[in-house]
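Here is the structure we will look at.
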Amino acid sequence: MDQPRKLYIKTYGCQMNVYDSERMAEAMGGAGYTEVQSPDDADMILLNTCHIREKAAEKVYSELGRLRDLKEANPDLKIGVAGCVAQAEGAEIMRRQPLVDLVVGPQSYHRLPEMEARVRQGGTALDTDFPPESKFDKLSRRPRARRAPAAFLTVQEGCDKFCAFCVVPYTRGAEASRPAARIIDEAKDLVERGVREITLLGQNVNAYHGAGPKGDDWTLAGLIHALAEVDGLERIRYTTSHPNDMADDLIEAHASCGKLMPYLHLPVQSGSDRILKRMNRNHTSDAYIRLIERIRAARPDLMLSGDFITGFPEETEADFQATLDLIEEVRFGQAYSFRYSTRPGTPAAERAQVSDAEASERLQRLQALLTRQQREIQQSMVGREVEVLLERAGRQPGQMVGKSQYLHAVHVTAPQAAPGDLLRVRIAASATNSLAGDMIAE
Ligand code: SAH
Ligand code: SF4
Ligand code: F3S
């Protein structure tokens with residue numbers, strides 16, 4: 001038999017790209033490739049890219065530049081660009097960087113093996129279709145290898161929301177949900193391979209509407225309740241959600257489903273009604289605050305996380321102040337914040353831009369507030385009992401690191417324990433980015 005060829009995948013961007021990279025590695029496993037951890041002696045390098053902000057997109061070209069030496073040393077090396085930059089820029093990538101052999105958009109990964117065969121013959125391959133068939137039906141799930149305790153599982157892809165700043169509806173296409181039975185099978189398979197926690201992924205995951213086993217229509221809440229029945233699966237999370245799709249049954253699931261973790265990433269982007277409207281978010285600041293109140297009534301210990309943008313076109317100091325006010329009122333345990341980045345083809349790109357200096361200055365003030373809240377909330381965990389899913393050994397002898405139900409990293413001394421164990425831990429201290437605690441004896 002031939003030696004397996006070596007595939008190196010570098011992943012940028014969101015969790016869905018992490019999931020997609022696993023799928024691509026599996027698909028290429030069927031074409032005789034094995035995944036390696038270094039690009040140095042790879043036969044094929046795939047960059048799984050992100051287009052969300054200008055900086056993310058430009059990274060691809062600097063990375064491709066760095067691969068030139070490898071390509072010169074090994075003319076048989078094939079280089080591919082996958083992901084959202086591939087979808088957005090297509091053939092332009094090969095024009096700008098001729099060392100690229102292959103460009104594949106996120107909805108065509110199942111075609112990767114045939115594309116690879118074409119580039120092996122010396123040609124190039126480009127596929128940025130939105131094919132009628134679903135890649136999920138075609139992608140093989142080959143290796144039965146053991147998995148880390150926490151895994152991602154894509155249940156929904158694409159976005160119909162068209163926020164005025166965002167490229168995702170163009171790079172991922174229209175919303176589509178996978179059938180529930182497929183997802184449950186995949187979850188069972190993951191659990192058999194050692195997974196204890198699954199994060200359900202979608203660009204708009206709470207808009208999930210998948211075909212149920214009886215031809216009925218399932219919501220995300222229905223799917224979560226069904227997954228909670230899978231033996232050996234201990235924890236369920238989902239991300240990312242849109243406030244307008246927080247249905248009553250999903251809020252109720254936070255009260256009634258013990259395996260659904262008390263953590264919610266619910267981006268709001270801005271606290272100014274004027275800006276929210278211009279962003280096409282279709283909700284007000286007050287509606288968001290009332291929604292959070294309802295979710296917290298269902299699950300009082302809920303840890304909330306959000307995304308924010310500063311310097312969106314036409315944002316004034318008063319608009320920005322409204323964002324700070326919303327944050328003060330809601331309180332976020334975790335947050336991601338970005339300076340607005342103008343994206344080609346989006347409606348906001350045409351509008352009056354806020355200066356970079358102003359947007360950066362606001363971002364600094366925003367992050368100072370968010371960091372303070374994050375620290376305070378983390379500090380308030382000291383003395384509390386949490387449940388930690390161990391993920392790996394820590395740096396000290398006998399030390400393990402895992403995540404609490406609130407997604408805090410927790411260090412604990414547990415020499416007898418192994419990744420995948422769930423431990424009851426009392427939090428003793430809060431450091432900058434993690435907590436430390438002691439095991440509670442049974
Ligand atoms: N589907 C998810 C994730 C979108 S991208 C969602 O709806 O939340 C993740 C975050 O990137 C967004 O929530 C937004 O805060 C940020 N983002 C998206 N486009 C951006 C842009 N043009 N400039 C700055 N930040 C942006
Ligand atoms: Fe982008 Fe808005 Fe869709 Fe999220 S909901 S992916 S921010 S368009
Ligand atoms: Fe980036 Fe595409 Fe994800 S643009 S954030 S990789 S959906």
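Both counts, for ligands and for their atoms, begin at 1 and track the order of listing. What you see is a predicted model; the values in this text were computed from it and never measured.
Atom 6 (S) of ligand 3 has N17 ND2, 3.3 Å as its closest protein atom, hydrogens excluded (heavy atom only). Nearest non-hydrogen protein atom to atom 4 (S) of ligand 3 is H51 N, 3.2 Å. The closest protein non-hydrogen atom to atom 2 (Fe) of ligand 3 is C84 SG, 2.2 Å. In this structure, atom 21 (C) of ligand 1 lies nearest to the protein heavy atom S341 O, 3.7 Å. Nearest non-hydrogen protein atom to atom 5 (S) of ligand 1 is I52 CD1, 3.4 Å. Of the protein's non-hydrogen atoms, the one nearest atom 2 (Fe) of ligand 2 is C163 SG, 2.3 Å. Counting only heavy atoms of the protein, atom 24 (C) of ligand 1 lies nearest to R339 O, 3.5 Å. Scanning the protein heavy atoms around atom 10 (C) of ligand 1, the nearest turns out to be D307 OD2, 3.4 Å. In terms of protein heavy atoms, atom 1 (Fe) of ligand 2 is closest to C166 SG, 2.3 Å. Closest to atom 1 (Fe) of ligand 3, if we only count protein heavy atoms, is C50 SG, 2.3 Å. Atom 3 (Fe) of ligand 3 has its closest protein heavy atom at C14 SG, 2.3 Å.
With a 4.5 Å cut-off on side-chain heavy atoms, L46 and L112 count as touching.
Within the cation-pi definition used here (under 6.0 Å to the ring centroid, within 45° of the axis), R172 does not qualify as a partner of Y170. Judged by a 6.0 Å distance limit and a 45° cone about the ring axis, R53 is positioned over the six-membered ring of F338. Geometrically, R96 engages Y61 in a cation-pi contact defined by less than 6.0 Å to the ring centre and at most 45° from the axis.
Salt-bridge check for E63 with R66: passed, with a basic side-chain N closer than 4.0 Å to an acidic carboxylate O. Salt-bridge annotation for K71 and D101: present, with a side-chain N of the basic residue lying under 4.0 Å from a carboxylate O of the acidic one. Using a cut-off of 4.0 Å between Lys/Arg side-chain N and Asp/Glu carboxylate O, K78 and D43 are scored as not salt-bridged. Ion pairing of E315 with R362 is present here, as a side-chain N (NZ or NE/NH1/NH2) and a carboxylate O approach within less than 4.0 Å. Residues E89 and R95 are not paired through a salt bridge, judged by the lack of any N-O separation under 4.0 Å between the basic side chain and the carboxylate. R111 and E114 are not joined by a salt bridge, as no carboxylate oxygen comes within less than 4.0 angstrom of a charged side-chain nitrogen. Between R120 and E116 there is a salt bridge, since a side-chain N of the basic residue sits under 4.0 Å from a carboxylate O of the acidic one.
Contacts between Q269 and ligand 1, counted as non-hydrogen atom pairs separated by less than 4.0 Å, involve the side chain only. Heavy atoms of F162 found under 4.0 angstrom from ligand 2 belong exclusively to the backbone. Looking at F165 against ligand 1, both its backbone and its side chain come within 4.0 Å, counting heavy atoms. At a heavy-atom distance under 4.0 Å, only side-chain atoms of Q203, from C-beta outward, approach ligand 3. By the criterion of a heavy-atom distance under 4.0 Å, the side chain of P169, and not its backbone, is placed next to ligand 2.
Closest heavy-atom approach to atom 26 (C) of ligand 1 within the set H51, R172, R53: this belongs to R53. Compare Q15, H242, Q203 by their heavy atoms: the one nearest to atom 7 (O) of ligand 1 is in Q203. In the candidate list T342, V205, V168, T240, T240 is nearest to atom 6 (C) of ligand 1, counting heavy atoms.
Against a heavy-atom cut-off of under 4.0 Å, V168 is close to the following atoms of ligand 2: 6 (S). The contact set between ligand 1 and P267, taken as ligand atoms under 4.0 Å from a residue heavy atom, comprises 8 (O). Heavy-atom contacts of F165 reach the following atoms of ligand 2: 7 (S) (cutoff under 4.0 Å). Against a heavy-atom cut-off of under 4.0 Å, H242 is close to the following atoms of ligand 2: 5 (S).
For Q364, the CD atom is loosely surrounded, since the number of other residues' heavy atoms within 6.0 Å does not exceed 12. The local environment of CD in E376 is crowded, with over 12 non-hydrogen atoms from other residues, nucleotides or ligands closer than 6.0 Å.
The nearest N, O or S atom of C159 is not closer to atom 1 (Fe) of ligand 2 than 2.8 Å.
Between the side chains of N48 and T11, not a single donor N or O lies within less than 3.5 Å of an accepting N or O.
A pairwise comparison of heavy atoms in R146 and E192 identifies NH1-O, 3.7 Å as the closest pair. The two residues V36 and A42 have their closest heavy-atom pair at CG2-CB, 4.5 Å.
In this structure, atom 6 (S) of ligand 2 is in close contact with the protein, since a protein heavy atom lies within 4.0 Å of it. Remark: atom 3 (C) of ligand 1 lies closer than 4.0 Å to no protein heavy atom.
Note on ligand 2: R281 sits in its first shell, one or more heavy atoms being nearer than 4.0 Å. Heavy atoms of I309 come nearer than 4.0 angstrom to ligand 1 in at least one pair. Taking 4.0 Å as the cut-off, H265 does not count as a neighbour of ligand 1 on heavy-atom distance. For the pair R172 and ligand 3, a heavy-atom separation below 4.0 Å is found.
The aromatic ring centres of Y263 and Y406 sit 6.0 Å or more apart. The distance between the ring centers of F332 and F308 falls below 6.0 angstrom.
Not a single N or O atom of Y340, backbone or side chain, sits closer than 3.5 Å to an N or O atom of ligand 1. In terms of N/O distances under 3.5 Å, ligand 1 is not approached by R343.
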